[in-house]
Amino acid sequence: LPPGGCRAFWGWLNAVFNKVDHERIQAVGPDRAASEWLLRCGALVRYQGSPKWQQDYNALPTGPLGRYKIEAINATDSCIMYRGFDYLDGLEHVTDIKLEKCMYIQDECLQRLSETSTLQKSLQQLKIISCGNVTDKGILALHKLRNLEHLYLSDLPGIREKERTFHALQQALPNLQLELDLE
């Protein structure tokens, strides 16, 4: 492989993993299709009524369509990227998302998250940790998540205007509990 060829290959593979298959969503329902996407990319999901995190793609539970509803997503070290975010559109029960060390997560992803109408209703907790491509613009975009109760931000070097950004976010979401661990 040429220098950087390996990285280019993984970038390509990750792009393939994130390609949205709308027919699959139709066939198996949004929660199952999103589970497949998230696990393929190395993230974990937890279903409503279960304490257990699902991490093995081959052990995804089967059963009647729509039986397993994603309640929490832990995308630590995963390769989820913007192009896969269409998978989030049909999820109605997600209360908790953790984005940690996600190298493909950037402002557009947070904007997209914030504009997802089902997440505007359901999402209560969001953690964004060590995502180097996130800036103030991405954090400000979260203001549309009107039911967000807790936002934890840590190790985000792209955030330059902390006070202004967080003040604007608190104005938009007065009930939001903001927890910061930033330099």
Side-chain angles (χ1 to χ4, degrees), residues 7-22 24-25 30-31 33-45 70 72-92 94-148 150-162 164-173 176 178-183:
R7 190 177 312 123
F9 171 75
W10 286 112
W12 170 83
L13 190 63
N14 292 339
V16 170
F17 283 165
N18 280 277
K19 189 178 182 307
V20 177
D21 182 344
H22 293 281
R24 183 76 182 147
I25 296 172
D31 289 271
S35 297
E36 293 171 358
W37 164 59
L38 289 160
L39 269 60
R40 257 197 321 267
C41 291
L44 311 177
V45 296
I70 298 176
I73 297 168
N74 179 346
T76 302
D77 284 321
S78 74
C79 69
I80 63 170
M81 58 176 70
Y82 183 82
R83 66 183 300 184
F85 274 49
D86 282 6
Y87 278 114
L88 299 173
D89 285 341
L91 304 181
E92 296 179 4
V94 178
T95 58
D96 198 335
I97 295 178
K98 180 180 183 182
L99 303 170
E100 183 171 0
K101 297 188 201 122
C102 300
M103 67 176 182
Y104 298 111
I105 293 294
Q106 78 276 58
D107 295 341
E108 291 76 12
C109 298
L110 298 182
Q111 238 158 338
R112 177 73 172 80
L113 203 67
S114 184
E115 284 162 8
T116 304
S117 61
T118 51
L119 293 177
Q120 289 174 352
K121 294 188 190 92
S122 70
L123 194 63
Q124 296 167 3
Q125 294 205 51
L126 179 59
K127 294 186 171 104
I128 306 170
I129 304 162
S130 307
C131 294
N133 297 317
V134 169
T135 72
D136 300 83
K137 186 179 161 211
I139 300 305
L140 284 169
L142 299 172
H143 74 274
K144 292 185 179 156
L145 294 170
R146 58 180 182 271
N147 287 315
L148 198 60
H150 189 255
L151 176 62
Y152 176 78
L153 303 173
S154 175
D155 182 28
L156 300 172
I159 295 183
R160 301 263 180 258
E161 306 193 5
K162 285 197 284 269
R164 212 173 84 193
T165 296
F166 302 142
H167 181 71
L169 202 54
Q170 288 285 193
Q171 294 293 118
L173 301 169
L176 180 65
L178 202 49
E179 201 181 326
L180 309 172
D181 178 14
L182 300 168
E183 281 305 301

Any donor-acceptor pair under 3.5 Å from [X] side chain to [Y] backbone:
X	Y	answer
Tyr87	Ser35	no
Thr135	Gly158	no
Asp107	Asp136	no
Gln125	Thr95	no
Ser114	Leu110	no

[Y] and [X], any side-chain heavy atoms less than 4.5 Å apart:
X	Y	value
Leu123	Val94	yes
Ile128	Leu142	yes
Glu92	Lys121	no
Leu151	Leu145	no
Lys137	Gln111	yes
Tyr82	Asn18	no
Arg83	Lys19	yes

Taking 4.0 angstrom as the limit, do Arg112 and Asp89 come out as a salt bridge?
yes
Is the closest basic N to carboxylate O distance between Glu115 and Lys144 below 4.0 Å? yes
Quick one: [atom1] on [X] to [atom2] on [Y], what's the gap to the nearest 0.5 Å?
X	Y	atom1	atom2	result
Leu173	His143	CG	NE2	8.0 Å
Ile159	Ile139	CD1	CD1	4.0 Å
Asn74	Leu99	CG	CG	9.0 Å
Ile70	Leu44	CD1	CG	11.5 Å
Ile105	Asn133	CD1	CG	9.5 Å
Ser154	Lys127	OG	NZ	11.0 Å

**Heavy atoms from other residues, nucleotides or ligands near CZ of Arg146 exceed 12 (cutoff 6.0 Å)** =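 Atom CZ in Arg146 is packed in, count exceeds 12.
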More than 12 heavy atoms of other residues, nucleotides or ligands under 6.0 Å from NE2 of His167: yes or no?
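Incorrect, the count does not exceed 12.
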Which atom names give the shortest non-hydrogen contact between [X] and [Y], and what distance separates them?
X	Y	answer
Leu88	Leu113	CD1-CD1, 3.6 Å
Ile129	Lys98	CD1-CE, 4.1 Å
Cys131	Cys102	SG-N, 3.8 Å
Ala43	Ala75	CB-CA, 3.7 Å
Ala168	Leu140	CB-CD2, 3.6 Å
Asn14	Met81	CB-CE, 3.6 Å

Relative to the ring of Phe85, is the ring of Trp37 parallel (under 30°), tilted (30 to 60°) or perpendicular (over 60°)?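 Rings of Trp37 and Phe85: perpendicular, over 60°.
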